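Note that the coordinates shown come from a computational prediction; the quantities given were computed from them, not determined experimentally.
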There are 2 protein chains.
Amino acid sequence: MANIQQVAQKAGVSVATVSRVLNKNTTVSPKTKLKVENAIRELNYEPSMLGRNLRNSESRLLLVLIPSISNPFYTEIINGIEDTAVSNNYNILLCDTDSNPQRENIYFNLIKNKLADGIISMDPAVNMQKLNELAATHSIIQCSEYDENGCIPYVTIDNELAAYRAVKHLIQSGHKKIALINSDEKFLYARQRRQGYEKALKEFHLPIFNEWMITSQQLGFEDGQQAMRKLLQLNEKPTAVFAVSDTLAIGALREINANQLKAPNDIAVVGFDNISFSNMTNPTLTTISQPMYKMGCVAANMLIDKIKGKDVSSVILDHELVIRESTLG
Amino acid sequence: MANIQQVAQKAGVSVATVSRVLNKNTTVSPKTKLKVENAIRELNYEPSMLGRNLRNSESRLLLVLIPSISNPFYTEIINGIEDTAVSNNYNILLCDTDSNPQRENIYFNLIKNKLADGIISMDPAVNMQKLNELAATHSIIQCSEYDENGCIPYVTIDNELAAYRAVKHLIQSGHKKIALINSDEKFLYARQRRQGYEKALKEFHLPIFNEWMITSQQLGFEDGQQAMRKLLQLNEKPTAVFAVSDTLAIGALREINANQLKAPNDIAVVGFDNISFSNMTNPTLTTISQPMYKMGCVAANMLIDKIKGKDVSSVILDHELVIRESTLG
DNA sequence: TTGAAAGCGCTAACAT
DNA sequence: ATGTTAGCGCTTTCAA
């Protein structure tokens with residue numbers, strides 16, 4: 001592999017001139033430029049980012065922390081991040097933390113070691129204290145899940161309002177017994193969505209039963225199945241379920257089917273996220289649509305601004321209730 | 001951010017000694033070591049990988065090329081790659097090429113620029129010629145999809161045999177009219193799976209109708225729906241369908257449901273990949289299970305061996321037919 | 001056991 | 001318009 005020296009030698013110029021050509025500096029005469037370009041071609045030269053980055057102390061790499069690539073919710077967000085990053089001459093490093101602190105540390109080190117210029121964290125299980133510490137010296141943005149008390153800018157939706165609307169839709173469809181399949185309330189979004197759920201119930205003077213609020217530790221399909229199984233074992237069964245993620249809702253649907261019951265007639269189901277699967281289930285799933293692609297774009301733009309030293313402030317994006325078969329009698 | 005110089009100064013030693021401590025070189029006296037470690041702690045020093053990598057001309061980063069993170073098939077493979085990489089002190093850079101040559105180029109440049117030490121390509125749409133050229137000077141492994149005529153080591157399964165078994169299962173369940181929903185045959189796996197399909201039909205003296213072989217350009221759910229729609233419009237409708245990916249099969253199931261038909265009684269369906277969602281559909285999907293996690297581990301180990309300069313040869317892993325409701329009358 | 005110094009590939013300030 | 005040179009942070013050879 002050729003280096004800049006060899007190119008300079010071959011072109012009969014100095015390394016500085018080669019560097020100028022490389023960086024599209026205008027103060028190079030067309031003739032010299034041509035010579036250099038020929039030398040580059042002949043030697044098959046590719047500049048080393050390592051040298052360049054060391055010199056410029058930047059890597060033009062952005063870290064994206066996600067708890068698991070297997071949750072389709074993140075897919076579209078990442079597309080938004082990636083498109084925005086690439087058009088700003090950054091590349092992204094997808095980091096699947098598996099909500100594992102050890103892996104998390106590896107990725108935190110990457111930024112400490114100057115191998116990345118910034119982080120977009122989407123992991124609800126991230127160590128918030130460490131993240132806040134890191135944010136004091138590095139550029140960090142939170143996407144979707146965030147720390148209420150921290151000072152890291154974030155982009156998200158109004159989770160409480162979205163949950164409120166989802167539950168209100170169930171109530172207005174005639175349901176009075178509405179269950180909640182929630183995540184662990186150590187996560188902010190889980191607390192916010194429960195609040196929206198309770199707000200809707202209270203507004204319509206419906207009872208809030210602890211029995212009808214199931215907490216699921218994970219967001220897999222199986223976890224939704226399990227939660228639904230618990231609900232179906234109750235004496236007083238709900239007639240509708242609001243699940244805080246589509247994956248949980250899809251698992252719940254599956255369990256309803258497996259028990260020879262029908263959604264929405266026996267039990268109506270609403271999910272959250274509008275992942276692409278949610279339109280493939282039988283019945284198709286009513287859900288809250290988050291503007292995932294846009295969220296990714298906004299997050300990436302915020303991070304790039306932050307890296308440039310600009311002031312950035314948090315953003316709340318709109319959401320939408322998508323009504324499909326699982327709630328339409 | 002402190003650098004190695006400042007640590008050396010604070011500890012009252014030379015930078016060389018600090019480097020020795022950092023790299024666990026044994027020729028440092030315990031006393032000196034302690035001094036250095038204290039200085040590191042006090043200054044909150046983190047070594048810069050940029051400097052280290054420039055010097056060592058390695059990045060300890062592996063590139064993983066996938067056509068789209070939205071295909072769950074890749075999820076488990078990536079987990080395998082990541083676990084193996086991390087335990088060998090490498091990190092992975094997930095590269096979503098979107099089957100877009102321009103993005104592909106960005107990632108190829110990353111390795112040319114020394115920002116990555118090797119590539120695992122899982123993108124069937126990758127520019128094989130470029131990949132082969134790159135393989136002459138860099139470490140590259142192919143996973144799942146590969147180039148028959150190239151010289152890049154790969155890990156995959158026997159696609160023809162797997163498809164043969166899937167179709168044979170349909171035949172033995174009593175089906176005689178079996179359709180194929182395939183990918184574009186510019187992809188090797190599509191050609192191989194069609195061969196398996198035809199081999200099974202021939203073996204049982206069943207007719208091969210072009211009308212029953214649908215080619216889908218993409219692997220999304222909607223594409224499976226569309227393909228199924230075409231099949232349902234035929235005069236002579238098949239009674240069973242083999243789709244070369246679970247996502248296609250799930251779309252097909254959805255279309256069957258939407259037409260008030262039932263799988264498997266009206267039409268049986270077999271998929272390919274055993275993605276986690278395939279067990280959540282109604283009915284659950286019969287499919288070919290690929291050892292995805294293992295495939296990822298093997299690919300990562302092969303790549304790391306290759307980077308170390310060892311000789312590596314291609315690997316064919318086992319697969320399994322998972323029989324579920326969509327073929328069980 | 002430790003230090004001095006060269007050099008990895010590049011950019012930019014300064015000089016011409 | 002172009003060249004010279006210092007230096008980004010680190011590892012490693014050589015010398016002491």
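Side-chain atoms of A/D184 come within 3.5 Å of backbone atoms of A/K186 as a donor-acceptor pair (strictly under, hydrogens ignored). B/R20 contributes no side-chain N or O that, together with a main-chain N or O of B/T27, makes up a donor-acceptor pair within less than 3.5 Å. Side-chain atoms of B/R60 never come within 3.5 Å of backbone atoms of B/N53 as a donor-acceptor pair (strictly under, hydrogens ignored).
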(request) Could you go through the side chain to side chain contact (heavy atoms under 4.5 Å, CB included) check for A/D147 and A/I152 one step at a time? (result) CA-CA 8 Å; A/D147 180 3; A/I152 305 176; over 6 Å; no
(message) Checking B/N23 against B/S19 for the side chain to side chain donor-acceptor pair (under 3.5 Å) test, could you report, in this order, the C-alpha distance in whole Å, the side-chain angles of both residues, the deciding distance, and whether it holds?
(response) CA-CA 6 Å; B/N23 295 289; B/S19 175; 3.3 Å; yes
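Between A/D96 and the options B/L94, B/T75, B/N79, a side-chain contact (heavy atoms from CB on, under 4.5 Å) holds for only B/N79.
An OP1 or OP2 oxygen of D/dC10 is reached within less than 4.0 angstrom by no side-chain nitrogen or oxygen of B/S48. Under 4.0 angstrom from either OP1 or OP2 of D/dT11 there lies no side-chain N or O belonging to B/N56. Within the 4.0 Å cut-off from OP1 or OP2 of D/dG9, not a single side-chain nitrogen or oxygen of B/R52 is found. Between B/N23 and D/dT11 there is a side-chain N or O to OP1 or OP2 distance below 4.0 Å.
Note on B/S57: nothing from the nucleic acid sits closer than 4.0 angstrom, heavy atoms only. At the heavy-atom level, A/L54 lies under 4.0 Å from base atoms of the strands shown. Within 4.0 Å (heavy atoms only), A/V13 reaches sugar-phosphate atoms of the nucleic acid but no base atom.
Atom CG in A/N113 sits about 13 Å away from atom P in D/dG9, given to the nearest Å. We find that CD of B/Q5 is positioned 12 Å from P of D/dT11, with the value rounded to whole Å. In this structure, CG of A/L115 is placed 13 Å from P of D/dC10, rounded to the nearest angstrom. The interatomic distance linking A/N53 (CG) with D/dG9 (C1') rounds to 13 Å, in whole Å.
Heavy-atom minimum distance, A/I92 versus A/A85: CG2-CB, 3.6 Å. In plain terms, the two heavy atoms of B/A39 and B/K10 that are nearest each other are CB-CG, 3.8 Å.
The ring-ring contact (aromatic ring centres under 6.0 Å, His included) check on A/Y146 picks up A/Y154, with sequence neighbours excluded.
Along DNA chain C, the nucleotide closest to B/G51 and the one closest to B/P30 are compared, and the more 5′ of them pairs with B/P30. For the pair B/K114 and B/K33, nearest-nucleotide mapping onto DNA chain C gives the more 5' position to B/K33.
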Shorter than 3.5 Å, N or O on both sides, protein versus nucleotides 5-7 of chain D: list them out with atom names.
residue, atom, partner, partner atom, Å
D/dG7, N2, A/R55, NH1, 3.1

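Here chain A contacts DNA chain C (any atom closer than 4.0 Å to a heavy atom, that is under 4.0 Å), and the contacts span C/dG9 to C/dA13 from 5' to 3'.
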